[in-house]
Amino acid sequence: MKKELKLYNTLSRTKEIFIPIEPDIVKIYTCGPTVYNYAHIGNLRSYIFPDILKKLLKFLGYNVKHIINITDVGHLTSDSDSGDDKVEKEAMKQGKSAWEISRFFANAFIEDIKLLNIELPYKFTYATDYINEQIKMVKILEEKGYTYKTEDGIYFDTSKFSEYGKLARLDLEGLEEGIRVDIKDKKNKTDFALWKFTPKKQKRQMEWESPWGKGFPGWHIECSAMIFAELGSHIDIHTGGTDHIPVHHTNEIAQAECTSGEKFVNYWLHGAFLVLDKNQRMGKSEGNFIGLRELVKQNFLPMSFRYLALNTHYRHFLTFSLDILKSTQNAYLNLKKLIKSEFDREVETDVSEVSIFDKLILDALLDDLNTPKAIGLIWEMLQDKNINKNDKINIIRKYDNILSLNLLDFSDLEKKEIKIPDEVIQLAQKRWNEKLNKNFEEADNIRKVIFEKGFEIRDFKDKYEIYPIKTYKV
Ligand code: AMP
Ligand code: ZN
(Lines give C-alpha, C1' and ligand atoms only; values in the text may rest on other atoms or scores of the structure.)
(Ligands and ions follow the chains in the order given, each with its own letter.)
Protein backbone atom coordinates (compact mmCIF):
# COMPACT_ATOMS: atom_id res chain seq x y z
CA MET A 1 0.00 0.00 0.00
CA LYS A 2 1.58 3.25 -1.13
CA LYS A 3 1.53 6.44 0.92
CA GLU A 4 -1.14 8.98 0.07
CA LEU A 5 0.02 11.85 -2.15
CA LYS A 6 -2.04 15.00 -2.56
CA LEU A 7 -1.69 17.20 -5.64
CA TYR A 8 -3.39 20.46 -6.51
CA ASN A 9 -5.32 19.88 -9.69
CA THR A 10 -5.97 23.01 -11.75
CA LEU A 11 -8.99 21.26 -13.28
CA SER A 12 -10.84 21.06 -9.94
CA ARG A 13 -8.97 23.92 -8.19
CA THR A 14 -8.53 21.61 -5.20
CA LYS A 15 -5.93 19.33 -3.69
CA GLU A 16 -6.83 15.80 -4.65
CA ILE A 17 -5.53 12.40 -3.57
CA PHE A 18 -3.44 11.03 -6.41
CA ILE A 19 -4.77 7.80 -7.89
CA PRO A 20 -2.89 6.50 -10.94
CA ILE A 21 -4.71 5.09 -13.96
CA GLU A 22 -2.69 1.86 -13.73
CA PRO A 23 -1.57 0.66 -10.28
CA ASP A 24 2.20 0.97 -10.63
CA ILE A 25 2.99 3.26 -13.50
CA VAL A 26 2.54 7.00 -13.71
CA LYS A 27 2.52 8.75 -17.07
CA ILE A 28 3.62 12.38 -16.99
CA TYR A 29 3.98 14.94 -19.75
CA THR A 30 5.71 18.30 -19.36
CA CYS A 31 5.48 21.03 -21.98
CA GLY A 32 9.00 21.75 -23.10
CA PRO A 33 10.72 24.92 -24.22
CA THR A 34 10.42 26.68 -27.54
CA VAL A 35 14.00 26.50 -28.70
CA TYR A 36 14.81 29.85 -30.30
CA ASN A 37 16.88 31.14 -27.40
CA TYR A 38 18.43 29.92 -24.16
CA ALA A 39 15.91 28.95 -21.50
CA HIS A 40 15.75 31.62 -18.82
CA ILE A 41 15.64 30.82 -15.14
CA GLY A 42 11.85 31.35 -15.15
CA ASN A 43 11.48 28.61 -17.73
CA LEU A 44 13.86 26.43 -15.74
CA ARG A 45 11.77 26.85 -12.61
CA SER A 46 8.94 25.11 -14.47
CA TYR A 47 11.04 21.94 -14.78
CA ILE A 48 12.10 21.76 -11.14
CA PHE A 49 8.71 20.94 -9.62
CA PRO A 50 7.98 18.06 -12.05
CA ASP A 51 11.43 16.75 -11.10
CA ILE A 52 10.45 16.70 -7.41
CA LEU A 53 7.14 15.10 -8.32
CA LYS A 54 8.82 12.40 -10.37
CA LYS A 55 11.40 11.58 -7.70
CA LEU A 56 8.73 11.51 -5.01
CA LEU A 57 6.58 9.13 -7.07
CA LYS A 58 9.58 6.85 -7.55
CA PHE A 59 10.32 7.06 -3.83
CA LEU A 60 6.74 5.92 -3.21
CA GLY A 61 7.34 2.89 -5.41
CA TYR A 62 5.84 3.92 -8.76
CA ASN A 63 7.45 3.51 -12.14
CA VAL A 64 7.36 6.83 -13.91
CA LYS A 65 7.21 7.40 -17.64
CA HIS A 66 7.95 11.05 -18.24
CA ILE A 67 8.14 12.95 -21.51
CA ILE A 68 9.35 16.49 -22.12
CA ASN A 69 8.82 17.86 -25.60
CA ILE A 70 10.94 20.27 -27.55
CA THR A 71 8.96 22.84 -29.53
CA ASP A 72 11.07 23.27 -32.62
CA VAL A 73 8.32 24.39 -34.98
CA GLY A 74 4.96 26.13 -35.00
CA HIS A 75 5.15 28.45 -31.98
CA LEU A 76 4.22 31.82 -33.44
CA THR A 77 5.07 35.21 -32.00
CA SER A 78 1.38 35.78 -31.26
CA ASP A 79 -0.88 33.37 -29.40
CA SER A 80 -3.71 34.19 -31.81
CA ASP A 81 -2.06 32.20 -34.62
CA SER A 82 -0.50 35.14 -36.38
CA GLY A 83 3.02 36.50 -36.58
CA ASP A 84 6.24 34.68 -37.35
CA ASP A 85 7.43 31.27 -36.31
CA LYS A 86 9.81 32.02 -33.43
CA VAL A 87 12.46 29.52 -34.53
CA GLU A 88 12.44 30.59 -38.20
CA LYS A 89 12.59 34.25 -37.16
CA GLU A 90 15.69 33.69 -35.01
CA ALA A 91 17.28 31.62 -37.78
CA MET A 92 16.87 34.52 -40.23
CA LYS A 93 18.33 36.92 -37.67
CA GLN A 94 21.39 34.77 -37.08
CA GLY A 95 21.81 33.73 -40.72
CA LYS A 96 21.53 30.06 -39.76
CA SER A 97 19.08 27.30 -40.59
CA ALA A 98 16.02 26.77 -38.42
CA TRP A 99 17.32 23.24 -37.76
CA GLU A 100 20.67 24.52 -36.52
CA ILE A 101 18.99 27.04 -34.23
CA SER A 102 16.54 24.58 -32.74
CA ARG A 103 19.13 21.82 -32.15
CA PHE A 104 21.58 24.27 -30.62
CA PHE A 105 19.11 25.70 -28.11
CA ALA A 106 17.56 22.29 -27.38
CA ASN A 107 21.01 20.99 -26.44
CA ALA A 108 21.67 24.11 -24.35
CA PHE A 109 18.38 23.49 -22.53
CA ILE A 110 19.35 19.89 -21.80
CA GLU A 111 22.72 21.07 -20.43
CA ASP A 112 20.95 23.61 -18.20
CA ILE A 113 18.55 21.12 -16.70
CA LYS A 114 21.42 18.70 -16.05
CA LEU A 115 23.24 21.43 -14.14
CA LEU A 116 20.14 21.79 -12.00
CA ASN A 117 20.11 18.07 -11.16
CA ILE A 118 16.86 17.64 -13.05
CA GLU A 119 16.61 14.01 -14.04
CA LEU A 120 16.34 13.59 -17.79
CA PRO A 121 12.97 12.30 -18.95
CA TYR A 122 12.37 8.91 -20.46
CA LYS A 123 12.33 10.77 -23.77
CA PHE A 124 12.60 14.27 -25.22
CA THR A 125 10.16 14.41 -28.11
CA TYR A 126 10.86 16.92 -30.87
CA ALA A 127 7.74 18.28 -32.59
CA THR A 128 9.36 17.95 -36.03
CA ASP A 129 9.80 14.20 -35.48
CA TYR A 130 6.02 13.76 -35.08
CA ILE A 131 4.65 15.53 -38.15
CA ASN A 132 2.79 12.43 -39.42
CA GLU A 133 1.18 11.88 -36.03
CA GLN A 134 0.03 15.51 -35.99
CA ILE A 135 -1.40 15.27 -39.50
CA LYS A 136 -3.18 12.05 -38.50
CA MET A 137 -4.80 13.76 -35.53
CA VAL A 138 -5.96 16.71 -37.62
CA LYS A 139 -7.46 14.25 -40.11
CA ILE A 140 -9.45 12.52 -37.36
CA LEU A 141 -10.70 15.88 -36.12
CA GLU A 142 -11.65 16.81 -39.67
CA GLU A 143 -13.54 13.53 -40.18
CA LYS A 144 -15.41 14.13 -36.93
CA GLY A 145 -16.44 17.60 -38.11
CA TYR A 146 -14.42 19.73 -35.68
CA THR A 147 -12.42 21.67 -38.25
CA TYR A 148 -12.83 24.27 -40.96
CA LYS A 149 -10.57 25.79 -43.54
CA THR A 150 -9.61 29.45 -43.84
CA GLU A 151 -7.25 31.23 -46.13
CA ASP A 152 -4.26 30.55 -43.92
CA GLY A 153 -4.93 27.15 -42.39
CA ILE A 154 -7.12 24.45 -40.88
CA TYR A 155 -8.77 25.62 -37.66
CA PHE A 156 -10.42 23.90 -34.72
CA ASP A 157 -14.00 25.08 -34.20
CA THR A 158 -14.16 25.54 -30.43
CA SER A 159 -17.95 26.02 -30.47
CA LYS A 160 -18.28 22.32 -31.34
CA PHE A 161 -16.67 21.18 -28.07
CA SER A 162 -19.18 21.88 -25.32
CA GLU A 163 -16.58 21.61 -22.57
CA TYR A 164 -14.16 24.06 -24.20
CA GLY A 165 -12.44 26.25 -21.63
CA LYS A 166 -13.12 23.96 -18.62
CA LEU A 167 -9.51 24.05 -17.43
CA ALA A 168 -9.23 27.83 -17.43
CA ARG A 169 -12.92 28.31 -16.57
CA LEU A 170 -13.13 30.68 -19.50
CA ASP A 171 -16.17 32.88 -19.76
CA LEU A 172 -16.78 32.21 -23.43
CA GLU A 173 -19.83 34.44 -23.77
CA GLY A 174 -17.96 37.32 -22.17
CA LEU A 175 -15.07 36.62 -24.46
CA GLU A 176 -17.24 36.66 -27.56
CA GLU A 177 -18.92 39.92 -26.61
CA GLY A 178 -15.60 41.52 -25.87
CA ILE A 179 -14.05 40.70 -29.21
CA ARG A 180 -11.92 43.58 -30.28
CA VAL A 181 -8.96 41.79 -31.76
CA ASP A 182 -8.89 40.97 -35.43
CA ILE A 183 -10.01 37.37 -35.75
CA LYS A 184 -9.64 37.42 -39.54
CA ASP A 185 -11.80 34.63 -40.92
CA LYS A 186 -11.90 32.57 -37.73
CA LYS A 187 -15.45 31.65 -36.68
CA ASN A 188 -14.88 32.15 -32.95
CA LYS A 189 -12.27 34.14 -31.10
CA THR A 190 -11.01 31.03 -29.32
CA ASP A 191 -10.62 28.91 -32.49
CA PHE A 192 -7.03 27.94 -33.14
CA ALA A 193 -4.86 26.68 -35.98
CA LEU A 194 -4.24 22.95 -36.33
CA TRP A 195 -2.34 23.28 -39.58
CA LYS A 196 -0.98 26.51 -41.08
CA PHE A 197 -0.32 26.88 -44.80
CA THR A 198 3.01 28.17 -45.96
CA PRO A 199 2.12 31.75 -46.99
CA LYS A 200 1.85 32.19 -50.76
CA LYS A 201 5.10 33.13 -52.49
CA GLN A 202 7.02 32.17 -49.38
CA LYS A 203 9.32 29.26 -48.79
CA ARG A 204 9.67 28.17 -45.20
CA GLN A 205 12.65 26.13 -44.02
CA MET A 206 10.37 23.90 -42.01
CA GLU A 207 7.38 22.85 -44.09
CA TRP A 208 5.71 19.57 -44.97
CA GLU A 209 3.20 18.19 -47.45
CA SER A 210 -0.22 17.47 -45.99
CA PRO A 211 -3.71 16.59 -47.30
CA TRP A 212 -4.51 20.33 -47.06
CA GLY A 213 -1.40 21.67 -48.74
CA LYS A 214 2.15 22.51 -47.82
CA GLY A 215 2.58 23.97 -44.36
CA PHE A 216 3.39 23.30 -40.73
CA PRO A 217 1.49 22.20 -37.61
CA GLY A 218 -0.04 24.59 -35.11
CA TRP A 219 1.73 24.81 -31.78
CA HIS A 220 -0.94 23.12 -29.64
CA ILE A 221 -1.43 20.01 -31.77
CA GLU A 222 2.16 18.90 -31.23
CA CYS A 223 1.72 18.16 -27.53
CA SER A 224 -1.54 16.24 -27.95
CA ALA A 225 -0.13 14.19 -30.84
CA MET A 226 3.13 13.37 -29.06
CA ILE A 227 1.28 12.36 -25.90
CA PHE A 228 -0.97 10.02 -27.90
CA ALA A 229 2.05 8.54 -29.67
CA GLU A 230 4.25 8.04 -26.62
CA LEU A 231 1.95 7.74 -23.61
CA GLY A 232 -1.53 7.04 -24.97
CA SER A 233 -4.73 9.07 -25.12
CA HIS A 234 -5.32 9.14 -21.35
CA ILE A 235 -2.47 10.12 -19.02
CA ASP A 236 -2.04 10.76 -15.32
CA ILE A 237 -0.32 14.12 -15.02
CA HIS A 238 0.42 17.06 -17.30
CA THR A 239 2.59 19.97 -16.15
CA GLY A 240 3.56 23.41 -17.36
CA GLY A 241 3.62 27.07 -16.35
CA THR A 242 0.40 28.93 -15.47
CA ASP A 243 0.56 30.91 -18.71
CA HIS A 244 -0.43 27.72 -20.51
CA ILE A 245 -3.79 27.37 -18.74
CA PRO A 246 -6.02 29.66 -20.84
CA VAL A 247 -4.74 28.88 -24.33
CA HIS A 248 -2.21 26.10 -24.86
CA HIS A 249 -3.53 23.54 -22.38
CA THR A 250 -7.13 24.50 -23.01
CA ASN A 251 -6.54 23.77 -26.69
CA GLU A 252 -4.63 20.56 -25.98
CA ILE A 253 -7.67 19.28 -24.08
CA ALA A 254 -10.05 20.22 -26.90
CA GLN A 255 -8.02 18.45 -29.60
CA ALA A 256 -7.25 15.39 -27.53
CA GLU A 257 -10.72 14.80 -26.07
CA CYS A 258 -12.42 15.37 -29.42
CA THR A 259 -10.03 12.92 -31.06
CA SER A 260 -10.35 10.12 -28.51
CA GLY A 261 -13.78 10.80 -27.06
CA GLU A 262 -12.39 10.25 -23.54
CA LYS A 263 -10.75 12.18 -20.73
CA PHE A 264 -7.25 13.31 -21.64
CA VAL A 265 -5.43 14.12 -18.37
CA ASN A 266 -6.39 13.32 -14.78
CA TYR A 267 -4.22 15.87 -12.95
CA TRP A 268 -3.11 19.23 -14.36
CA LEU A 269 -0.27 20.81 -12.38
CA HIS A 270 0.85 24.37 -13.04
CA GLY A 271 3.85 26.21 -11.69
CA ALA A 272 3.68 29.93 -10.93
CA PHE A 273 5.97 32.47 -12.52
CA LEU A 274 9.40 33.50 -11.50
CA VAL A 275 9.06 37.25 -11.23
CA LEU A 276 11.26 40.28 -10.81
CA ASP A 277 10.66 43.40 -8.84
CA LYS A 278 6.95 44.45 -8.76
CA ASN A 279 5.84 40.96 -9.74
CA GLN A 280 6.93 41.48 -13.32
CA ARG A 281 7.11 38.12 -15.11
CA MET A 282 10.48 37.08 -16.46
CA GLY A 283 9.93 36.30 -20.13
CA LYS A 284 11.73 35.94 -23.41
CA SER A 285 9.31 38.33 -25.09
CA GLU A 286 9.58 40.76 -22.18
CA GLY A 287 13.34 40.91 -22.82
CA ASN A 288 14.14 40.93 -19.08
CA PHE A 289 15.53 37.46 -18.75
CA ILE A 290 18.65 35.92 -17.34
CA GLY A 291 19.89 32.40 -18.00
CA LEU A 292 21.59 29.89 -15.77
CA ARG A 293 24.86 30.42 -17.68
CA GLU A 294 24.95 34.10 -16.75
CA LEU A 295 24.49 33.14 -13.11
CA VAL A 296 27.26 30.56 -13.30
CA LYS A 297 29.53 33.16 -14.90
CA GLN A 298 28.87 35.37 -11.90
CA ASN A 299 30.07 32.54 -9.72
CA PHE A 300 26.71 31.33 -8.52
CA LEU A 301 26.22 27.63 -8.04
CA PRO A 302 23.37 26.09 -10.06
CA MET A 303 22.38 24.39 -6.80
CA SER A 304 21.81 27.81 -5.22
CA PHE A 305 19.16 28.46 -7.84
CA ARG A 306 17.58 25.06 -7.21
CA TYR A 307 17.65 25.80 -3.48
CA LEU A 308 15.98 29.17 -4.12
CA ALA A 309 13.31 27.53 -6.26
CA LEU A 310 12.60 24.83 -3.65
CA ASN A 311 12.29 27.40 -0.88
CA THR A 312 9.12 28.78 -2.43
CA HIS A 313 6.12 26.56 -3.06
CA TYR A 314 5.79 25.90 -6.79
CA ARG A 315 2.33 27.45 -6.91
CA HIS A 316 3.54 30.79 -5.54
CA PHE A 317 5.38 33.56 -7.36
CA LEU A 318 9.12 33.26 -6.89
CA THR A 319 10.75 36.67 -6.64
CA PHE A 320 14.20 36.78 -8.10
CA SER A 321 17.06 39.27 -7.86
CA LEU A 322 20.81 38.81 -7.76
CA ASP A 323 20.81 40.00 -4.14
CA ILE A 324 18.22 37.41 -3.19
CA LEU A 325 20.28 34.75 -4.94
CA LYS A 326 23.42 35.89 -3.07
CA SER A 327 21.78 35.45 0.32
CA THR A 328 20.26 32.18 -0.86
CA GLN A 329 23.70 30.90 -1.85
CA ASN A 330 24.97 31.81 1.63
CA ALA A 331 22.05 30.03 3.24
CA TYR A 332 22.61 26.98 1.04
CA LEU A 333 26.33 26.84 1.88
CA ASN A 334 25.57 27.37 5.58
CA LEU A 335 23.18 24.45 5.50
CA LYS A 336 25.90 22.27 4.04
CA LYS A 337 28.42 23.51 6.63
CA LEU A 338 25.96 22.53 9.32
CA ILE A 339 25.57 19.07 7.79
CA LYS A 340 29.33 18.71 7.45
CA SER A 341 29.80 19.65 11.11
CA GLU A 342 27.64 16.65 12.04
CA PHE A 343 30.35 14.35 10.74
CA ASP A 344 32.89 15.97 13.09
CA ARG A 345 30.68 15.86 16.16
CA GLU A 346 32.02 13.74 18.94
CA VAL A 347 29.31 13.62 21.52
CA GLU A 348 26.55 11.28 20.55
CA THR A 349 23.19 10.98 22.09
CA ASP A 350 21.43 7.66 22.29
CA VAL A 351 18.11 9.34 22.45
CA SER A 352 16.94 9.86 18.95
CA GLU A 353 13.67 11.36 17.95
CA VAL A 354 14.42 11.26 14.29
CA SER A 355 11.28 9.34 13.31
CA ILE A 356 9.24 12.46 14.03
CA PHE A 357 11.25 14.44 11.49
CA ASP A 358 11.25 11.56 9.05
CA LYS A 359 7.46 11.58 9.09
CA LEU A 360 7.09 15.36 9.02
CA ILE A 361 9.43 15.81 6.05
CA LEU A 362 7.66 13.13 4.05
CA ASP A 363 4.26 14.52 5.00
CA ALA A 364 5.34 17.94 3.71
CA LEU A 365 6.36 16.51 0.35
CA LEU A 366 3.20 14.43 0.13
CA ASP A 367 1.18 17.58 0.69
CA ASP A 368 1.35 18.96 -2.85
CA LEU A 369 5.17 18.98 -2.90
CA ASN A 370 5.69 21.38 -0.02
CA THR A 371 9.46 21.67 -0.46
CA PRO A 372 9.88 24.91 1.57
CA LYS A 373 8.41 23.12 4.57
CA ALA A 374 10.60 20.06 4.01
CA ILE A 375 13.74 22.21 3.87
CA GLY A 376 12.69 24.11 7.01
CA LEU A 377 12.30 20.79 8.80
CA ILE A 378 15.77 19.70 7.71
CA TRP A 379 17.22 22.86 9.28
CA GLU A 380 15.23 22.22 12.43
CA MET A 381 16.32 18.60 12.65
CA LEU A 382 19.98 19.55 12.27
CA GLN A 383 19.74 21.93 15.18
CA ASP A 384 18.02 19.40 17.43
CA LYS A 385 20.41 18.14 20.10
CA ASN A 386 18.29 15.09 20.80
CA ILE A 387 18.98 13.42 17.53
CA ASN A 388 21.81 11.06 16.89
CA LYS A 389 24.20 12.29 14.20
CA ASN A 390 23.99 9.14 12.09
CA ASP A 391 20.23 9.41 12.02
CA LYS A 392 20.48 13.00 10.87
CA ILE A 393 22.82 12.07 8.06
CA ASN A 394 20.59 9.18 7.00
CA ILE A 395 17.56 11.42 6.82
CA ILE A 396 19.46 13.97 4.74
CA ARG A 397 20.59 11.20 2.39
CA LYS A 398 17.06 9.84 2.14
CA TYR A 399 15.37 13.13 1.25
CA ASP A 400 18.17 14.52 -0.85
CA ASN A 401 17.34 11.73 -3.27
CA ILE A 402 14.18 13.75 -3.90
CA LEU A 403 15.36 17.32 -3.31
CA SER A 404 18.61 16.69 -5.25
CA LEU A 405 20.50 19.57 -3.65
CA ASN A 406 23.84 17.73 -3.33
CA LEU A 407 23.56 18.18 0.43
CA LEU A 408 26.24 15.61 1.16
CA ASP A 409 28.74 16.90 -1.36
CA PHE A 410 30.95 19.40 0.43
CA SER A 411 33.32 20.18 -2.42
CA ASP A 412 31.77 23.56 -3.16
CA LEU A 413 32.26 24.76 0.41
CA GLU A 414 35.81 25.63 -0.55
CA LYS A 415 34.54 27.47 -3.56
CA LYS A 416 36.56 30.58 -4.18
CA GLU A 417 36.24 33.38 -6.70
CA ILE A 418 37.78 32.19 -9.91
CA LYS A 419 39.60 35.04 -11.61
CA ILE A 420 40.54 34.78 -15.26
CA PRO A 421 44.34 35.23 -15.39
CA ASP A 422 45.75 37.94 -17.70
CA GLU A 423 47.62 35.27 -19.61
CA VAL A 424 44.33 33.53 -20.53
CA ILE A 425 42.71 36.83 -21.50
CA GLN A 426 45.62 37.57 -23.85
CA LEU A 427 45.58 34.08 -25.33
CA ALA A 428 41.83 34.35 -25.95
CA GLN A 429 42.27 37.64 -27.79
CA LYS A 430 45.10 36.17 -29.84
CA ARG A 431 42.92 33.19 -30.76
CA TRP A 432 40.04 35.46 -31.79
CA ASN A 433 42.36 37.44 -34.08
CA GLU A 434 43.65 34.21 -35.63
CA LYS A 435 40.07 33.11 -36.19
CA LEU A 436 39.14 36.41 -37.83
CA ASN A 437 42.15 35.98 -40.10
CA LYS A 438 40.89 32.49 -40.90
CA ASN A 439 43.95 30.79 -39.35
CA PHE A 440 41.66 28.16 -37.92
CA GLU A 441 44.35 25.62 -37.12
CA GLU A 442 46.30 28.08 -35.00
CA ALA A 443 43.07 29.31 -33.37
CA ASP A 444 42.23 25.70 -32.42
CA ASN A 445 45.69 25.14 -30.97
CA ILE A 446 45.35 28.20 -28.76
CA ARG A 447 41.90 27.04 -27.66
CA LYS A 448 43.50 23.77 -26.49
CA VAL A 449 46.15 25.65 -24.52
CA ILE A 450 43.45 27.75 -22.89
CA PHE A 451 41.49 24.60 -22.06
CA GLU A 452 44.53 23.06 -20.38
CA LYS A 453 44.75 26.17 -18.22
CA GLY A 454 41.21 25.45 -17.00
CA PHE A 455 39.16 27.76 -19.23
CA GLU A 456 36.82 27.29 -22.11
CA ILE A 457 36.08 29.66 -24.97
CA ARG A 458 32.60 29.98 -26.39
CA ASP A 459 32.10 31.83 -29.64
CA PHE A 460 29.08 33.90 -30.50
CA LYS A 461 28.28 35.73 -33.71
CA ASP A 462 30.67 38.60 -33.18
CA LYS A 463 32.18 38.00 -29.78
CA TYR A 464 33.60 35.30 -27.54
CA GLU A 465 33.39 34.57 -23.86
CA ILE A 466 35.73 32.84 -21.44
CA TYR A 467 34.30 30.38 -18.93
CA PRO A 468 36.18 28.79 -16.07
CA ILE A 469 35.67 25.05 -16.62
CA LYS A 470 35.54 24.40 -12.91
CA THR A 471 32.53 26.58 -12.31
CA TYR A 472 30.79 25.69 -15.53
CA LYS A 473 31.09 21.96 -15.16
CA VAL A 474 30.01 21.75 -11.58
P1 AMP B 1 8.37 28.43 -23.55
O2 AMP B 1 9.80 28.18 -23.93
O3 AMP B 1 7.98 29.85 -23.65
O4 AMP B 1 7.43 27.52 -24.31
O5 AMP B 1 8.24 28.08 -22.01
C6 AMP B 1 8.73 26.90 -21.39
C7 AMP B 1 8.10 26.74 -20.01
O8 AMP B 1 8.48 27.84 -19.16
C9 AMP B 1 6.58 26.73 -20.02
O10 AMP B 1 6.12 25.74 -19.12
C11 AMP B 1 6.20 28.11 -19.51
O12 AMP B 1 4.95 28.11 -18.87
C13 AMP B 1 7.31 28.36 -18.52
N14 AMP B 1 7.59 29.78 -18.18
C15 AMP B 1 7.72 30.83 -19.03
N16 AMP B 1 8.02 31.97 -18.33
C17 AMP B 1 8.09 31.62 -17.02
C18 AMP B 1 8.39 32.33 -15.79
N19 AMP B 1 8.69 33.62 -15.77
N20 AMP B 1 8.36 31.63 -14.63
C21 AMP B 1 8.08 30.30 -14.62
N22 AMP B 1 7.81 29.57 -15.74
C23 AMP B 1 7.82 30.21 -16.92
ZN1 ZN C 1 2.43 21.71 -24.57
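Read the numbers this way: they start at 1 and go in the same order the structure lists the ligands and their atoms.
- The side chain of Y47, and not its backbone, has at least one atom closer than 4.0 Å to an atom of ligand 1 (non-hydrogen atoms only; side chain from C-beta on).
- If you check which protein heavy atom lies closest to atom 4 (O) of ligand 1, you get T34 OG1, 3.1 Å.
- Where the criterion is an N or O separation shorter than 3.5 Å, residue side chain and backbone included, A272 fails it with respect to ligand 1.
- Distances below 4.0 Å separate heavy atoms of R281 from the following atoms of ligand 1: 15 (C), 16 (N), 19 (N).
- Contact check on R315 versus D368 returns a salt bridge, with a Lys/Arg side-chain nitrogen under 4.0 Å from an Asp/Glu carboxylate oxygen.
- For L360, the side chain to side chain contact (heavy atoms under 4.5 Å, CB included) partners two or more places apart in sequence, or in a different chain, are I356, L377.
- When only non-hydrogen protein atoms are considered, atom 19 (N) of ligand 1 lies nearest to M282 O, 2.7 Å.
- Between R281 and D243 there is a salt bridge, since a side-chain N of the basic residue sits under 4.0 Å from a carboxylate O of the acidic one.
- No heavy atom of H270 sits closer than 4.0 Å to any atom of ligand 1.
- Any N or O atom pair closer than 3.5 Å counts here, and G283 shares no such pair with ligand 1.
- By the 6.0 Å and 45° rule, K89 does not stack over the aromatic ring of Y36.
- Between the side chain of K196 and the main chain of F216, no donor-acceptor pair closer than 3.5 Å is present.
- Geometrically, ligand 1 and S46 share a nitrogen or oxygen pair separated by less than 3.5 Å.
- Every residue two or more places apart in sequence or in another chain that forms a side chain to side chain contact (heavy atoms under 4.5 Å, CB included) with E119 is listed here: D51, K54, K55, K58.
- For ligand 1, the polar-atom distance check finds no N/O of F273 at less than 3.5 Å from any of the ligand's N/O atoms.
- Electrostatic pairing of K139 and E142 does not count as a salt bridge here, judged by no charged N lying under 4.0 Å from a carboxylate O.
- For atom 9 (C) of ligand 1, the closest heavy atom belonging to the protein is H244 NE2, 3.5 Å.
- Summarising the contacts of atom 8 (O) of ligand 1 with D243, N43, T30, the nearest heavy atom is found in N43.
- At a threshold of 4.5 Å between non-hydrogen side-chain atoms, the residues Y267 and E16 count as touching.
- In this structure, T71 falls outside the shell of residues with a heavy atom less than 4.0 angstrom from ligand 1.
- Annotation: F192 is in aromatic contact with H220 [ring centroid separation under 6.0 Å].
- An N or O contact shorter than 3.5 Å links G241 to ligand 1 by distance.
- Excluding waters, the count of protein N/O/S atoms less than 2.8 Å from the Zn ion (ligand 2) comes to 4.
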What's the verdict on side-chain contact (heavy atoms from CB on, under 4.5 Å) for V87 and T71, showing C-alpha distance, side-chain angles and the deciding distance?
CA-CA 9 Å; V87 173; T71 301; over 6 Å; no

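- For atom 20 (N) of ligand 1, the nearest non-hydrogen atom of the protein is L274 N, 2.8 Å.
- Of the possible polar contacts, one joining the E88 side chain to the Q205 backbone as a donor-acceptor pair under 3.5 Å is found.
- Close to ligand 1: G32, with a non-hydrogen atom less than 4.0 angstrom away.
- Between L5 and L60 there is a side-chain heavy-atom pair separated by less than 4.5 Å.
- Closest heavy-atom approach to atom 23 (C) of ligand 1 within the set G42, A309, P50, C31: this belongs to G42.
- Ion pairing of K27 with E22 is present here, as a side-chain N (NZ or NE/NH1/NH2) and a carboxylate O approach within less than 4.0 Å.
- Not counting sequence neighbours, the partners of S224 by the side chain to side chain donor-acceptor pair (under 3.5 Å) test are Q255.
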